[in-house]
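Notes for the one structure printed next.
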Amino acid sequence: MAMHVPKSYFQNMMKEGTKHLSGMHEAVFSNLEACTELYKTIKTCYGPKGLNKMVINHLSKLFVTNDAATIIKELEVQHPAAKMIVLASQQQESECGDGTNFVMILAGTLLEKAIDLLECGLSPSEVIKGYEMAGEKCLEILETLVCHTVKDVKNKEAVIPVVKSAVGSKQDGYEDFLAELISDACSKIMPTQRTFNVDHVRTCKILGSGVLSSTCLQGMVFKRNVESDITCVKDAKIAVFSCPFDIGTTETKGTVLIKTAEELKNFSVDEEKLIENSVKALADLGVTCVVSGGKVGDMMLHFANKFNIMVVRLMSKWDLRRLCRSINATALPNMVPPTAEEIGSCSLVQLEEVGDTTVVSFRQEREESAMSTIIIRGSTDNIMDDIERAIDDGVNSVKVLTRDQRCLPGAAATEIELAKQLMTFGEQTPGMEQYAIKKFAEAFEVFPKILAENTGLKANEVLANMYNAHQDKVSGMNAGINLEADNCEMMDVVDRQIFDIFLTKHWGIKFAVNAACTVLVVDQIIMAKQAGGPKPRKGQADPDDE
């Protein structure tokens, strides 16, 4: 007979099915180990030589990518402590659009180092205090490491080196081509008065050819066919309707009694005249193109062809709004003639063939356009999806540059300099916090190690060479790893124009420290019974388990 195990007082107090974990080993160490495992999964994706993950989500969709934000989003992490790290990386994604992998690796490494500190006898509050002190010191040191400032964000040549570093970590080999494409797209829509909007750079994926066949144009491109016989209009005046391009019908049913053939002819003639007058009113206003958000009637289309009006149908209301922004038009909810202010203008609207795909392009030739589109070409959908993610990171890096133009040395030069200066700061700090500060400094050493391991270099040798190079206080701060060399060579990252954006590192360190301290401050885990339907009866197999 099994011995009865009594419940704890806490479990007696709570509802049946509640889980309660407490203590150092049950709660704290299990949290730290879960976060450490998560960062170890992601770390091989870091850097230009990072490896791809093949992720199949709950809808059986395949993702082949090294983008940490996409991997974490599709993995659907359930562990409550690991979710803290995921939330920090998502916040970094929304704030800067890049650096999610940096946040996860730094937070995971800090928690891995915290396990050693806790096993040595430090309390979680001492570790947290040391980490917070080190985090504040980090942000102070970052201000002194600025090595480059982009003077004019609208200047394409000045932006390319910064975008290249952001794109290079996702698409090694295509970074020069994509950086130029992204900088070109962003410089065309860079506003002088308002803030830069990432949504104004659109992408259109067309299967076929190769990545190097991708192009950029001012305006918008839609994978649609035109409804009318007219396929090209120059200097177009465009009327946009969010309703169907058709005559309205009554809400109530009516019965018409027709006695003669003459009455039947007159009945259809009146309807035709009404449609003709509404299309003619558009033609009299100078409208040469109509964009509809609904169906296009056959009779309307007939008269549109008669008056040489091009008709395009867009199914998405979001596409309709973006097009209105691009051509400076107003979408009308009813079939009424638009005013002069509501009519949009476009340099060229035409039907084109890109590969085997038919597209309608709205091209603008003026200096500053509201929208620009990058047409992505690729041999498979997975390649194009990954290119789209790289372009998204590149456009976000341009947006961050509009807020703060400062740049830091890349290729792990910033991380090693932070580790070196934090180690010195830890030695000068009294109390138990100094051990946490030193471990915080050691956490930054993981970045050059990961870069070296992913490239195939010896990690310890690279780390030793970097510390040796950074002893020089004048030029040593800019010494980074040369990943293109066959051995552990150092290089001056400023000469090679390899930069990291200041704000991306600044927010990355902030979010990582906050996430690590949030996990460390937890000493108990209380999980309520999950809501759900009735459980299957005992002794009967659950058909879902088969």
Considering residues, nucleotides and ligands other than K205, do more than 12 of their heavy atoms fall under 6.0 Å from its NZ? yes

Can you tell me if R377 uses its side chain to pair, donor with acceptor, with the backbone of I206 under 3.5 Å? yes

State the CD1-CG distance between I498 and D492, to the nearest 0.5 angstrom. 9.5 Å

Distance, nearest 0.5 Å, that separates CG of N197 from CE of M371: 8.0 Å

Under a 3.5 Å distance rule, please check whether E180 uses its side chain to pair with a backbone N or O of F177 as donor and acceptor. no

Inspect the contact between E227 and K295 and indicate whether a charged nitrogen and a carboxylate oxygen are less than 4.0 angstrom apart. no

Testing the basics here: between I230 and N305, what is the closest heavy-atom pair and its distance to 0.1 Å? N-OD1, 4.3 Å

Separation of Q350 CD from C289 SG (nearest 0.5 Å): 12.0 Å

Before you tell me yes or no, could you show the steps for F102 and K505 under side-chain contact (heavy atoms from CB on, under 4.5 Å), namely the whole-Å CA-CA distance, both residues' side-chain angles and the distance that decides it to 0.1 Å? CA-CA 8 Å; F102 175 82; K505 279 276 188 287; 3.8 Å; yes

Quick one, V462 and K449 - any side-chain contact, counting heavy atoms below 4.5 Å? no

Whether K53 side chain and T41 backbone form a donor-acceptor pair below 3.5 Å: yes

Non-hydrogen side-chain atoms of T100 and M104 separated by less than 4.5 Å: no

Parallel, tilted or perpendicular: ring planes of H148 versus F499, cut at 30 and 60 degrees: parallel

With no hydrogens and no angle check, do the side chains of H200 and R325 hold a donor and an acceptor under 3.5 Å apart? yes

Please answer whether the main-chain N or O of L332 pairs with a side-chain N or O of S242 as donor and acceptor at a distance below 3.5 Å. yes

Do you see a donor-acceptor pair shorter than 3.5 Å between the side chains of S361 and E352? yes

Less than 4.5 Å apart, any side-chain heavy atom of I309 and any of T288? no

Quick one: does D393's side chain get under 4.5 Å of D67's, heavy atoms only? yes

What is the minimum heavy-atom distance between G219 and S326, and which atoms define it? CA-OG, 4.0 Å

Please examine the side chains of M335 and F245, heavy atoms only from C-beta on, and report whether any two atoms are closer than 4.5 Å. yes

Side-chain donor/acceptor of S213 to backbone N/O of S209, under 3.5 Å: no

Rounding to 0.5 Å, atoms CG (N396) and CD (E95) come to a distance of 11.0 Å

Counting only N and O atoms by type, is there a donor-acceptor contact under 3.5 Å from the side chain of S292 to the main-chain atoms of G294? yes

Using a strict threshold of under 4.0 Å (side-chain N to carboxylate O), is an ion pair present between K306 and D229? no

Atom OG of S228 and atom CE of M310: how far apart are they, to the nearest 0.5 Å? 6.0 Å

Give a yes or no on whether the backbone of Y46 and the side-chain of N454 come within a donor-acceptor separation of less than 3.5 Å. yes

Assess whether a salt bridge exists between D284 and K280, defined as any Lys/Arg side-chain N lying under 4.0 Å from an Asp/Glu carboxylate O. yes

For the CG atom on N328, are there more than 12 heavy atoms of other groups (residues, nucleotides or ligands in this structure) within a distance under 6.0 Å? no

Does D152 pair with K154 as a salt bridge, N-O distance under 4.0 Å? no

Taking Q92 for its side chain and D98 for its backbone only, find out whether a donor-acceptor pair lies under 3.5 Å. yes

Do Q218 and S372 get their side chains close enough for a donor-acceptor pair, meaning under 3.5 Å? no

For A512 versus V103, what's the shortest heavy-atom pair and its separation? CB-O, 3.8 Å

Would you check if the side chain of S187 reaches a backbone N or O of S183 as a donor-acceptor pair within less than 3.5 Å? yes

Closest non-hydrogen atoms of I238 and A329, given as atom of the first, atom of the second and distance, are O-CB, 4.4 Å

When every non-hydrogen atom of V201 is compared with those of C186, the smallest separation belongs to CG2-SG, 4.2 Å

Is any NZ, NE, NH1 or NH2 atom of the basic residue among D392 and R389 found under 4.0 Å from an Asp or Glu carboxylate oxygen of the other? no

side-chain contact (heavy atoms from CB on, under 4.5 Å) assessment of T357 paired with L207: CA-CA 8 Å; T357 309; L207 199 65; 5.9 Å; no

Pairwise side-chain contact, S345 with I327, heavy-atom cut-off 4.5 Å (strictly under): no

Measure the spacing between CD1 of I105 and CD1 of I85 and express it to the nearest 0.5 Å. 12.0 Å

Student check: side-chain heavy atoms of I375 and C216 closer than 4.5 Å: no

Shortest non-hydrogen separation from V163 to A179 and the atoms involved: CG1-CA, 3.9 Å

Quick check against the 3.5 Å criterion: does S165 have a side-chain atom that pairs as donor or acceptor with the backbone of P161? yes

Contact between I56 and F63 at the side-chain level, heavy atoms closer than 4.5 Å - yes or no? no

Evaluate the criterion side-chain contact (heavy atoms from CB on, under 4.5 Å) for residue pair R202 and R322; output intermediate values, then yes/no. CA-CA 10 Å; R202 307 302 304 164; R322 291 185 187 107; 3.4 Å; yes

Please determine whether side-chain contact (heavy atoms from CB on, under 4.5 Å) holds for the pair V291 and F222, giving the CA-CA distance in whole Å, both sets of side-chain angles, and the decisive distance to 0.1 Å. CA-CA 12 Å; V291 179; F222 302 102; over 6 Å; no

Do K61 and E74 sit within salt-bridge range, that is, some charged N less than 4.0 Å from a carboxylate O? no

Are T65 and D386 linked by a side-chain donor-acceptor pair shorter than 3.5 Å? yes

Determine whether more than 12 heavy atoms belonging to other residues, nucleotides or ligands lie under 6.0 Å from atom CG of D298. no

